[in-house]
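The block underneath contains the structure these notes are about, expressed in C-alpha coordinates.
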Amino acid sequence: MADPAPIGPPIELPVIDISNPDDPTVGKKMIDAAAKYGFLYVNSKGTDFAVEDVEKAFKLSKEFFASPYEEKEGCRITPNNRGWSGMHTETLDPEHQRTGDFKEAMNFGEFKDGKAQQPLPPALTPHEAEIAHFAALCNKTCSRILKLMALGLDIQEDFFTSRHDASNGPTGCILRYLYYPSIFSPATSSYKHEIDVRAGAHSDYGSITLLFQRPGQPGLEILTPEGTWAPVPVQPNEAFSSSTSSSPASSTETTFPFPPILVNIGDLLSYWTDGLLRSTVHRVVFPLAEQRSPNPQDRYSIAFFCHPVDATELVPVPSSVVTAYREQQQNAHSTQVGFGGGAGSLEPGSRALTAQEHLEARLAATYSFKT
Ligand SMILES: O=C(O)CCC(=O)C(=O)O
Ligand SMILES: [Fe+2]
(Lines give C-alpha, C1' and ligand atoms only; values in the text may rest on other atoms or scores of the structure.)
(Ligands and ions follow the chains in the order given, each with its own letter.)
Protein backbone atom coordinates (compact mmCIF):
# COMPACT_ATOMS: atom_id res chain seq x y z
CA MET A 1 0.00 0.00 0.00
CA ALA A 2 3.06 2.24 -0.06
CA ASP A 3 2.42 5.46 -1.87
CA PRO A 4 4.39 5.41 -5.12
CA ALA A 5 4.61 9.20 -5.49
CA PRO A 6 8.06 10.42 -4.41
CA ILE A 7 8.61 13.41 -2.14
CA GLY A 8 10.33 16.33 -3.86
CA PRO A 9 11.64 19.67 -2.62
CA PRO A 10 9.37 22.14 -0.77
CA ILE A 11 7.12 24.19 -3.03
CA GLU A 12 7.69 27.93 -3.34
CA LEU A 13 4.31 29.61 -3.48
CA PRO A 14 3.73 33.34 -3.86
CA VAL A 15 2.85 35.34 -0.73
CA ILE A 16 0.16 37.84 -1.70
CA ASP A 17 -0.68 41.06 0.12
CA ILE A 18 -4.48 41.47 0.13
CA SER A 19 -4.62 44.68 2.14
CA ASN A 20 -6.02 46.49 -0.91
CA PRO A 21 -8.98 44.40 -2.13
CA ASP A 22 -9.58 46.83 -5.02
CA ASP A 23 -6.30 46.23 -6.84
CA PRO A 24 -6.78 44.18 -10.04
CA THR A 25 -3.04 43.52 -10.37
CA VAL A 26 -3.18 41.68 -7.03
CA GLY A 27 -6.23 39.79 -8.30
CA LYS A 28 -4.31 38.76 -11.43
CA LYS A 29 -1.41 37.47 -9.31
CA MET A 30 -3.89 35.48 -7.29
CA ILE A 31 -5.49 33.96 -10.40
CA ASP A 32 -2.06 33.06 -11.80
CA ALA A 33 -1.13 31.22 -8.58
CA ALA A 34 -4.54 29.56 -8.35
CA ALA A 35 -4.25 28.38 -11.97
CA LYS A 36 -0.67 27.19 -11.58
CA TYR A 37 -0.61 25.63 -8.11
CA GLY A 38 -4.14 25.81 -6.70
CA PHE A 39 -2.43 27.10 -3.54
CA LEU A 40 -1.04 30.47 -2.44
CA TYR A 41 -0.27 32.31 0.77
CA VAL A 42 -1.81 35.58 1.87
CA ASN A 43 0.33 37.82 4.02
CA SER A 44 -1.23 37.82 7.48
CA LYS A 45 -0.77 41.59 7.78
CA GLY A 46 -3.31 42.40 5.08
CA THR A 47 -6.10 40.21 6.47
CA ASP A 48 -8.86 40.94 8.95
CA PHE A 49 -7.18 38.98 11.76
CA ALA A 50 -5.25 40.42 14.67
CA VAL A 51 -2.51 38.17 16.01
CA GLU A 52 -4.57 37.72 19.22
CA ASP A 53 -7.51 36.28 17.25
CA VAL A 54 -5.31 33.56 15.83
CA GLU A 55 -3.50 32.86 19.12
CA LYS A 56 -6.81 32.59 20.98
CA ALA A 57 -8.29 30.26 18.38
CA PHE A 58 -5.32 27.88 18.65
CA LYS A 59 -5.47 28.04 22.47
CA LEU A 60 -9.15 27.08 22.42
CA SER A 61 -8.51 24.29 19.96
CA LYS A 62 -5.75 22.87 22.16
CA GLU A 63 -7.93 23.04 25.27
CA PHE A 64 -10.77 21.33 23.45
CA PHE A 65 -8.70 18.42 22.12
CA ALA A 66 -7.15 17.95 25.60
CA SER A 67 -10.60 17.75 27.25
CA PRO A 68 -11.99 14.36 28.42
CA TYR A 69 -13.07 11.88 25.76
CA GLU A 70 -16.62 11.67 27.17
CA GLU A 71 -17.04 15.42 26.71
CA LYS A 72 -15.85 15.34 23.09
CA GLU A 73 -17.90 12.21 22.45
CA GLY A 74 -20.99 14.18 23.51
CA CYS A 75 -20.71 16.27 20.35
CA ARG A 76 -19.65 13.51 17.95
CA ILE A 77 -19.92 14.34 14.25
CA THR A 78 -23.42 14.03 12.73
CA PRO A 79 -24.45 13.48 9.09
CA ASN A 80 -24.62 17.26 8.59
CA ASN A 81 -20.80 17.27 8.98
CA ARG A 82 -20.79 19.18 12.28
CA GLY A 83 -19.13 18.03 15.49
CA TRP A 84 -16.09 16.09 16.68
CA SER A 85 -14.40 13.22 14.86
CA GLY A 86 -11.88 11.13 16.82
CA MET A 87 -8.67 9.36 15.82
CA HIS A 88 -9.07 7.24 12.67
CA THR A 89 -12.74 8.22 12.27
CA GLU A 90 -12.15 9.86 8.89
CA THR A 91 -10.34 8.16 6.01
CA LEU A 92 -9.72 10.77 3.32
CA ASP A 93 -8.01 8.40 0.87
CA PRO A 94 -9.60 4.96 1.40
CA GLU A 95 -7.93 3.49 -1.67
CA HIS A 96 -4.45 3.98 -0.23
CA GLN A 97 -4.96 3.96 3.54
CA ARG A 98 -5.06 0.85 5.74
CA THR A 99 -6.03 2.93 8.80
CA GLY A 100 -8.10 6.08 9.16
CA ASP A 101 -6.40 9.46 9.48
CA PHE A 102 -4.14 9.98 12.53
CA LYS A 103 -6.02 13.10 13.56
CA GLU A 104 -8.94 14.53 15.50
CA ALA A 105 -11.16 17.30 14.15
CA MET A 106 -13.95 19.56 15.33
CA ASN A 107 -16.29 21.03 12.69
CA PHE A 108 -18.44 24.10 13.30
CA GLY A 109 -21.23 24.89 10.86
CA GLU A 110 -22.57 28.41 10.45
CA PHE A 111 -23.13 30.61 13.50
CA LYS A 112 -26.28 32.76 13.71
CA ASP A 113 -26.10 35.97 15.75
CA GLY A 114 -23.00 34.66 17.51
CA LYS A 115 -24.68 31.34 18.36
CA ALA A 116 -23.61 27.90 17.18
CA GLN A 117 -26.31 25.86 15.44
CA GLN A 118 -25.04 22.63 17.00
CA PRO A 119 -24.19 21.31 20.49
CA LEU A 120 -20.87 22.57 21.84
CA PRO A 121 -18.71 20.62 24.33
CA PRO A 122 -18.10 22.04 27.85
CA ALA A 123 -14.57 23.18 26.93
CA LEU A 124 -15.97 25.46 24.20
CA THR A 125 -19.38 26.54 25.51
CA PRO A 126 -18.03 29.60 27.39
CA HIS A 127 -16.21 30.70 24.22
CA GLU A 128 -19.08 30.49 21.73
CA ALA A 129 -18.99 34.22 20.89
CA GLU A 130 -15.22 34.10 20.37
CA ILE A 131 -15.45 31.15 17.97
CA ALA A 132 -18.30 32.88 16.11
CA HIS A 133 -16.12 35.99 15.84
CA PHE A 134 -13.24 33.97 14.38
CA ALA A 135 -15.62 32.39 11.82
CA ALA A 136 -16.88 35.90 10.92
CA LEU A 137 -13.28 37.05 10.34
CA CYS A 138 -12.71 34.02 8.11
CA ASN A 139 -15.77 35.01 6.08
CA LYS A 140 -14.49 38.58 5.79
CA THR A 141 -11.06 37.47 4.61
CA CYS A 142 -12.65 35.07 2.11
CA SER A 143 -14.71 37.99 0.76
CA ARG A 144 -11.53 39.99 0.17
CA ILE A 145 -9.97 37.06 -1.65
CA LEU A 146 -13.09 36.35 -3.71
CA LYS A 147 -13.37 40.01 -4.70
CA LEU A 148 -9.72 40.02 -5.80
CA MET A 149 -10.28 36.83 -7.78
CA ALA A 150 -13.24 38.44 -9.56
CA LEU A 151 -11.05 41.43 -10.42
CA GLY A 152 -8.33 39.05 -11.64
CA LEU A 153 -10.88 37.34 -13.90
CA ASP A 154 -12.19 40.67 -15.26
CA ILE A 155 -15.75 40.08 -14.07
CA GLN A 156 -18.08 42.14 -11.90
CA GLU A 157 -16.27 42.56 -8.60
CA ASP A 158 -19.16 41.18 -6.53
CA PHE A 159 -19.77 38.15 -8.78
CA PHE A 160 -18.44 35.73 -6.15
CA THR A 161 -19.03 37.72 -2.95
CA SER A 162 -22.76 38.23 -3.63
CA ARG A 163 -23.07 34.46 -4.16
CA HIS A 164 -21.28 33.77 -0.86
CA ASP A 165 -23.31 36.24 1.19
CA ALA A 166 -24.77 34.24 4.09
CA SER A 167 -27.56 36.79 4.53
CA ASN A 168 -28.98 35.37 1.26
CA GLY A 169 -29.40 31.85 2.66
CA PRO A 170 -27.60 28.89 4.21
CA THR A 171 -24.13 27.95 2.99
CA GLY A 172 -21.96 24.87 3.46
CA CYS A 173 -19.21 26.90 5.25
CA ILE A 174 -17.33 24.96 7.93
CA LEU A 175 -14.75 26.13 10.45
CA ARG A 176 -12.55 23.22 11.49
CA TYR A 177 -10.06 22.73 14.31
CA LEU A 178 -7.54 19.96 13.54
CA TYR A 179 -5.19 18.09 15.85
CA TYR A 180 -2.49 15.66 14.71
CA PRO A 181 -0.60 14.11 17.67
CA SER A 182 3.18 13.92 17.29
CA ILE A 183 4.95 10.74 16.36
CA PHE A 184 5.82 10.14 20.03
CA SER A 185 2.25 10.37 21.31
CA PRO A 186 0.65 7.09 22.52
CA ALA A 187 -2.16 7.89 20.05
CA THR A 188 0.23 7.24 17.16
CA SER A 189 1.89 4.07 18.48
CA SER A 190 0.49 1.98 15.60
CA TYR A 191 1.79 4.46 12.99
CA LYS A 192 4.02 2.96 10.30
CA HIS A 193 5.99 5.26 8.06
CA GLU A 194 5.48 4.68 4.29
CA ILE A 195 2.01 3.26 5.01
CA ASP A 196 0.17 5.65 7.29
CA VAL A 197 -0.66 9.33 6.96
CA ARG A 198 -2.11 11.96 9.25
CA ALA A 199 -4.66 13.01 6.62
CA GLY A 200 -5.06 11.03 3.39
CA ALA A 201 -4.73 12.57 -0.07
CA HIS A 202 -7.82 14.55 -1.05
CA SER A 203 -9.03 17.78 -2.58
CA ASP A 204 -11.37 20.17 -0.77
CA TYR A 205 -15.00 20.45 -1.85
CA GLY A 206 -15.92 24.11 -1.59
CA SER A 207 -14.83 27.32 -3.29
CA ILE A 208 -11.76 28.31 -1.27
CA THR A 209 -10.15 27.05 1.95
CA LEU A 210 -8.15 29.13 4.45
CA LEU A 211 -5.55 27.22 6.46
CA PHE A 212 -3.84 28.53 9.59
CA GLN A 213 -0.66 26.74 10.64
CA ARG A 214 1.75 27.08 13.57
CA PRO A 215 5.53 27.54 13.37
CA GLY A 216 7.39 24.28 14.01
CA GLN A 217 4.35 22.14 13.15
CA PRO A 218 4.80 21.16 9.48
CA GLY A 219 3.23 18.26 7.62
CA LEU A 220 1.16 19.53 4.67
CA GLU A 221 2.15 18.33 1.19
CA ILE A 222 0.64 19.03 -2.22
CA LEU A 223 0.69 16.83 -5.30
CA THR A 224 2.52 18.62 -8.11
CA PRO A 225 1.59 18.26 -11.81
CA GLU A 226 4.80 16.20 -12.10
CA GLY A 227 3.30 13.65 -9.71
CA THR A 228 5.58 14.31 -6.75
CA TRP A 229 4.64 15.38 -3.23
CA ALA A 230 5.90 18.86 -2.35
CA PRO A 231 6.01 19.92 1.32
CA VAL A 232 4.35 23.31 1.93
CA PRO A 233 6.42 25.29 4.45
CA VAL A 234 4.54 26.91 7.34
CA GLN A 235 6.71 30.00 6.88
CA PRO A 236 7.31 30.59 3.17
CA ASN A 237 11.05 31.06 3.52
CA GLU A 238 11.45 28.13 5.90
CA ALA A 239 12.86 26.12 3.03
CA PHE A 240 15.43 28.84 2.54
CA SER A 241 16.24 29.10 6.25
CA SER A 242 16.86 25.36 6.52
CA SER A 243 19.48 25.56 3.78
CA THR A 244 21.47 28.52 5.09
CA SER A 245 23.28 29.30 8.31
CA SER A 246 21.85 32.83 8.61
CA SER A 247 18.55 33.28 10.40
CA PRO A 248 15.89 34.62 8.06
CA ALA A 249 13.24 33.04 10.31
CA SER A 250 13.60 35.89 12.81
CA SER A 251 13.16 38.49 10.08
CA THR A 252 10.07 36.56 8.94
CA GLU A 253 8.63 36.90 12.41
CA THR A 254 8.95 40.66 12.25
CA THR A 255 7.44 40.78 8.77
CA PHE A 256 4.44 38.58 9.58
CA PRO A 257 2.51 38.88 12.85
CA PHE A 258 1.62 35.18 12.42
CA PRO A 259 2.44 32.73 9.63
CA PRO A 260 0.71 33.67 6.39
CA ILE A 261 -2.65 32.06 5.71
CA LEU A 262 -2.54 29.34 3.11
CA VAL A 263 -5.38 29.56 0.60
CA ASN A 264 -6.39 26.76 -1.71
CA ILE A 265 -8.99 26.30 -4.41
CA GLY A 266 -11.69 23.68 -3.84
CA ASP A 267 -13.54 21.45 -6.32
CA LEU A 268 -16.53 23.76 -6.61
CA LEU A 269 -14.53 26.80 -7.74
CA SER A 270 -12.53 24.61 -10.09
CA TYR A 271 -15.79 23.31 -11.62
CA TRP A 272 -17.21 26.83 -11.77
CA THR A 273 -14.15 28.09 -13.68
CA ASP A 274 -13.97 25.05 -16.00
CA GLY A 275 -10.74 23.85 -14.44
CA LEU A 276 -8.85 27.13 -14.94
CA LEU A 277 -8.41 27.35 -11.18
CA ARG A 278 -6.94 24.09 -9.87
CA SER A 279 -8.29 22.07 -6.98
CA THR A 280 -4.99 20.50 -5.95
CA VAL A 281 -4.70 17.18 -4.12
CA HIS A 282 -3.00 17.47 -0.73
CA ARG A 283 -2.33 15.42 2.40
CA VAL A 284 -0.78 15.69 5.86
CA VAL A 285 2.17 13.51 6.84
CA PHE A 286 4.70 13.12 9.62
CA PRO A 287 7.66 14.82 7.92
CA LEU A 288 10.91 12.91 8.29
CA ALA A 289 12.63 15.92 9.87
CA GLU A 290 9.93 15.95 12.52
CA GLN A 291 10.32 12.27 13.23
CA ARG A 292 14.04 12.69 13.71
CA SER A 293 13.82 15.77 15.89
CA PRO A 294 14.31 15.13 19.62
CA ASN A 295 11.14 16.97 20.54
CA PRO A 296 8.55 16.74 17.75
CA GLN A 297 5.49 18.87 18.30
CA ASP A 298 1.88 17.94 17.84
CA ARG A 299 0.42 19.68 14.80
CA TYR A 300 -2.60 21.94 15.24
CA SER A 301 -4.15 23.61 12.23
CA ILE A 302 -7.37 25.52 11.64
CA ALA A 303 -9.20 25.34 8.33
CA PHE A 304 -12.12 27.38 7.04
CA PHE A 305 -13.96 25.80 4.13
CA CYS A 306 -15.78 28.55 2.27
CA HIS A 307 -18.86 27.59 0.21
CA PRO A 308 -21.37 29.68 -1.75
CA VAL A 309 -24.99 30.02 -0.65
CA ASP A 310 -26.59 26.56 -1.19
CA ALA A 311 -29.02 27.81 -3.86
CA THR A 312 -26.29 29.41 -6.03
CA GLU A 313 -26.55 28.23 -9.63
CA LEU A 314 -23.13 27.30 -10.94
CA VAL A 315 -23.56 28.92 -14.34
CA PRO A 316 -20.26 29.40 -16.17
CA VAL A 317 -18.24 32.27 -14.68
CA PRO A 318 -18.66 35.01 -17.33
CA SER A 319 -14.96 35.71 -17.71
CA SER A 320 -13.06 35.98 -20.97
CA VAL A 321 -10.13 34.33 -19.17
CA VAL A 322 -12.28 31.29 -18.34
CA THR A 323 -13.74 31.16 -21.87
CA ALA A 324 -10.27 31.32 -23.44
CA TYR A 325 -9.10 28.51 -21.15
CA ARG A 326 -12.15 26.37 -21.96
CA GLU A 327 -11.61 26.81 -25.70
CA GLN A 328 -7.94 26.05 -25.41
CA GLN A 329 -8.75 22.82 -23.55
CA GLN A 330 -11.38 21.85 -26.12
CA ASN A 331 -8.96 22.46 -28.97
CA ALA A 332 -6.36 20.37 -27.19
CA HIS A 333 -9.03 17.61 -26.89
CA SER A 334 -8.09 17.24 -23.27
CA THR A 335 -10.17 15.07 -21.00
CA GLN A 336 -12.73 16.32 -18.50
CA VAL A 337 -11.70 19.09 -16.18
CA GLY A 338 -12.67 19.56 -12.55
CA PHE A 339 -15.01 17.27 -10.69
CA GLY A 340 -17.85 16.17 -13.00
CA GLY A 341 -16.67 18.30 -15.91
CA GLY A 342 -16.94 22.07 -15.78
CA ALA A 343 -19.85 24.49 -15.54
CA GLY A 344 -19.31 25.36 -19.20
CA SER A 345 -19.80 21.80 -20.46
CA LEU A 346 -23.45 21.43 -19.49
CA GLU A 347 -25.57 19.42 -21.91
CA PRO A 348 -27.77 21.79 -23.98
CA GLY A 349 -31.16 22.23 -22.30
CA SER A 350 -30.03 21.01 -18.89
CA ARG A 351 -30.03 23.42 -15.98
CA ALA A 352 -26.98 24.43 -13.96
CA LEU A 353 -26.11 22.55 -10.76
CA THR A 354 -26.62 24.44 -7.53
CA ALA A 355 -23.80 24.72 -4.99
CA GLN A 356 -25.70 22.34 -2.73
CA GLU A 357 -26.14 19.77 -5.53
CA HIS A 358 -22.46 20.02 -6.41
CA LEU A 359 -21.52 19.30 -2.80
CA GLU A 360 -23.98 16.39 -2.59
CA ALA A 361 -22.66 14.93 -5.85
CA ARG A 362 -19.10 15.29 -4.59
CA LEU A 363 -19.96 13.58 -1.30
CA ALA A 364 -21.87 10.82 -3.11
CA ALA A 365 -18.85 10.17 -5.35
CA THR A 366 -16.64 9.83 -2.27
CA TYR A 367 -19.17 7.51 -0.72
CA SER A 368 -19.49 5.22 -3.74
CA PHE A 369 -15.71 5.24 -4.06
CA LYS A 370 -15.52 3.83 -0.53
CA THR A 371 -17.88 0.89 -1.14
O1 LIG B 1 -4.14 20.39 8.52
C2 LIG B 1 -3.87 20.54 7.37
O3 LIG B 1 -2.78 20.94 7.03
C4 LIG B 1 -4.79 20.28 6.22
C5 LIG B 1 -6.18 19.85 6.56
C6 LIG B 1 -6.97 19.55 5.34
O7 LIG B 1 -6.46 19.48 4.25
C8 LIG B 1 -8.43 19.37 5.43
O9 LIG B 1 -8.96 19.21 6.55
O10 LIG B 1 -9.08 19.39 4.37
FE1 LIG C 1 -7.94 19.65 2.68
Side-chain angles (χ1 to χ4, degrees), residues 7 10-11 13 34 37-42 54 57-58 61-62 64-65 77 81-94 96-97 100-109 135 138 142 172-183 188 196-223 229-236 238 258-270 277-287 290 296-307 339 359 362-363 366:
I7 299 173
I11 191 108
L13 300 168
Y37 309 105
F39 272 78
L40 54 99
Y41 298 98
V42 299
V54 177
F58 275 108
S61 155
K62 200 167 182 176
F64 164 69
F65 288 118
I77 196 150
N81 198 25
R82 296 169 185 189
W84 173 72
S85 53
M87 261 301 184
H88 310 306
T89 305
E90 203 175 44
T91 308
L92 282 172
D93 183 10
H96 294 102
Q97 288 177 256
D101 296 353
F102 282 71
K103 70 169 192 229
E104 292 185 34
M106 175 68 197
N107 287 1
F108 305 92
C138 288
C142 286
C173 290
I174 296 277
L175 171 67
R176 176 173 232 204
Y177 291 169
L178 287 142
Y179 163 53
Y180 307 87
S182 91
I183 192 75
T188 61
D196 293 323
V197 283
R198 287 164 135 179
H202 67 282
S203 54
D204 294 346
Y205 302 161
S207 36
I208 56 174
T209 304
L210 305 182
L211 188 75
F212 297 82
Q213 308 181 87
R214 301 274 75 193
Q217 301 178 10
L220 184 68
E221 291 180 346
I222 65 174
L223 193 60
W229 288 108
V232 182
V234 173
Q235 300 276 16
E238 212 171 64
F258 53 91
I261 304 170
L262 197 63
V263 178
N264 65 288
I265 305 299
D267 295 332
L268 181 142
L269 189 54
S270 188
L277 306 188
R278 300 168 62 94
S279 175
T280 298
V281 170
H282 53 283
R283 66 177 187 177
V284 182
V285 299
F286 289 102
E290 182 184 337
Q297 292 188 47
D298 296 331
R299 173 179 167 89
Y300 292 87
S301 64
I302 299 178
F304 182 74
F305 303 101
C306 180
H307 288 251
F339 168 75
L359 178 60
R362 182 65 182 84
L363 292 171
T366 311

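Excluded from the calculations below are hydrogen atoms, water molecules and symmetry mates; all remaining heavy atoms, backbone and side chain alike, are included. Counting convention: from 1, in listed order, for ligands and their atoms alike.
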So, for [X] and [Y], which heavy atoms are closest and what is the spacing to 0.1 Å?
X      : Y      : result
Val281 : Ala201 : CG1-CB, 3.8 Å
Gly100 : His88  : O-ND1, 3.0 Å
Thr209 : Ala303 : CG2-CB, 4.3 Å
Leu277 : Ser270 : O-OG, 2.8 Å

Under 4.0 Å from a heavy atom of [X]: which atoms of ligand 1 are those, numbered in the order shown and with their elements?
X      : result
Phe305 : 8 (C), 9 (O), 10 (O)
Val284 : 1 (O), 2 (C), 3 (O), 4 (C)
His282 : 7 (O)
Leu178 : 1 (O), 5 (C), 9 (O)
Ser301 : 1 (O), 2 (C)

Of all N/O/S atoms in [X], which lies nearest to the Fe ion (ligand 2)?
X      : value
Asp204 : OD1
His282 : NE2
His202 : NE2

Is there a donor-acceptor pair closer than 3.5 Å between any side-chain N or O of Ser207 and the backbone N or O of Cys306?
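Yes; at least one donor-acceptor contact below 3.5 Å.
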
With a 4.0 Å cut-off on heavy atoms, does His202 reach ligand 1?
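It does, in that a heavy atom of His202 comes within the 4.0 Å cut-off of ligand 1.
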
So, taking the atom named CG in Leu268 and the one named CG in Leu359, what distance separates them when rounded to the nearest 0.5 Å?
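One finds 8.0 Å between CG of Leu268 and CG of Leu359.
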
At what distance, to the nearest 0.5 angstrom, does CD1 of Ile261 lie from CG of Leu40?
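Going from the CD1 atom of Ile261 to the CG atom of Leu40 covers 11.0 Å.
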
Report yes if Arg299 has an N/O atom closer than 3.5 Å to an N/O atom of ligand 1; otherwise report no.
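Yes; at least one N/O pair falls below 3.5 Å.
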
For atom 5 (C) of ligand 1, which protein heavy atom lies nearest, and how many Å away is it?
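The protein heavy atom lying closest is Tyr180 OH, 3.4 Å.
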
In terms of residue, atom name and distance, what is the protein heavy atom nearest to atom 9 (O) of ligand 1?
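Atom 9 (O) of ligand 1 sits closest to the protein heavy atom Arg176 NH1, 3.3 Å.
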
Verify the distance criterion only: is there a donor paired with an acceptor across the side chains of Asn107 and Arg176 at less than 3.5 Å?
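Present: a donor and an acceptor within the cut-off.
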
Examine Tyr177 together with Phe108 and report whether their ring centres are nearer than 6.0 Å.
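Centroid separation for Tyr177 and Phe108: below 6.0 Å.
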
One residue to check: Leu92. Relative to ligand 1, which of side chain, backbone, both or neither has a non-hydrogen atom less than 4.0 Å away?
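None of Leu92 does.
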
Using a 4.0 Å heavy-atom cut-off, which part of Asp204 comes near ligand 1: side chain, backbone, both, or neither?
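Under 4.0 Å from ligand 1, Asp204 contributes side-chain atoms alone.
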
